[in-house]
Amino acid sequence: MKKDINIDPEVQKVMSDYAQTFNPFFVTRVMGKIEHLNDQIYASGIYDLFFRRVVVSGVFAIAAMLILTVVLNGGFSVDALLGIGDLEMENAIAMSITDF
């Protein structure tokens, strides 16, 4: 439903003579802002793409290391995860004291 709007005849007369004008280079500035936004969206998309690739690669690397730990050491013990599962106590103490 449209509402009928009553506009004063004097306002109609003034507005009919009104010509809309914009500042110089208005179109250039607006198009520049639109292009800048498009560049930001494109850069954000590239960042997201590479970030996902790095995250997926990292997750696969961690999963591969955990699988190798289970296969080679037979479990998820702290010693196996740190790589000192087969190390004897005297050698572990010597390694922690000695500066390589």
Side-chain angles (χ1 to χ4, degrees):
M1 291 173 126
K2 283 188 172 182
K3 291 184 178 180
D4 292 331
I5 300 174
N6 295 330
I7 299 176
D8 189 22
E10 290 181 29
V11 173
Q12 282 182 339
K13 182 181 177 188
V14 171
M15 293 303 289
S16 65
D17 295 335
Y18 178 72
Q20 291 182 346
T21 58
F22 294 102
N23 291 335
F25 304 109
F26 174 77
V27 173
T28 307
R29 287 182 292 159
V30 170
M31 291 305 294
K33 288 180 182 179
I34 290 172
E35 288 174 3
H36 180 68
L37 287 174
N38 285 339
D39 291 342
Q40 285 180 343
I41 291 169
Y42 179 72
S44 175
I46 289 175
Y47 176 76
D48 289 342
L49 176 69
F50 286 121
F51 180 75
R52 285 187 192 126
R53 286 185 181 181
V54 169
V55 167
V56 169
S57 299
V59 167
F60 280 135
I62 291 170
M65 288 193 297
L66 290 174
I67 290 170
L68 282 173
T69 301
V70 169
V71 169
L72 296 177
N73 295 317
F76 277 125
S77 68
V78 175
D79 292 340
L81 291 174
L82 293 176
I84 56 173
D86 297 331
L87 196 60
E88 294 184 22
M89 186 56 73
E90 292 83 23
N91 294 337
I93 293 171
M95 284 180 61
S96 64
I97 293 173
T98 310
D99 187 23
F100 288 101

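Here, residue 1 is the first one in the sequence, and each next residue gets the next number.
Its side chain within the 4.5 Å cluster rule, Ile67 clusters with Val71 among the Ile, Leu, Val, Met, Phe, Trp and Tyr residues. Clustering of Ile, Leu, Val, Met, Phe, Trp and Tyr by side-chain heavy atoms under 4.5 Å joins Val56 with Phe60.
Under a hydrophobic-cluster definition in which Ile, Leu, Val, Met, Phe, Trp and Tyr are linked whenever side-chain heavy atoms come within less than 4.5 Å, directly or via other members, Phe26 and Ile34 are assigned to the same cluster. Under the 4.5 Å side-chain heavy-atom criterion for ILVMFWY residues, a single connected hydrophobic cluster contains both Val27 and Val30.
Checked against ring-ring contact (aromatic ring centres under 6.0 Å, His included), Phe25 has no partners two or more places apart in sequence or in another chain.
A distance of 9.5 Å separates CG in Leu37 from NZ in Lys33, rounded to the nearest 0.5 Å. How far CD1 of Ile41 is from NE2 of His36: 10.5 Å, rounded to the nearest 0.5 Å.
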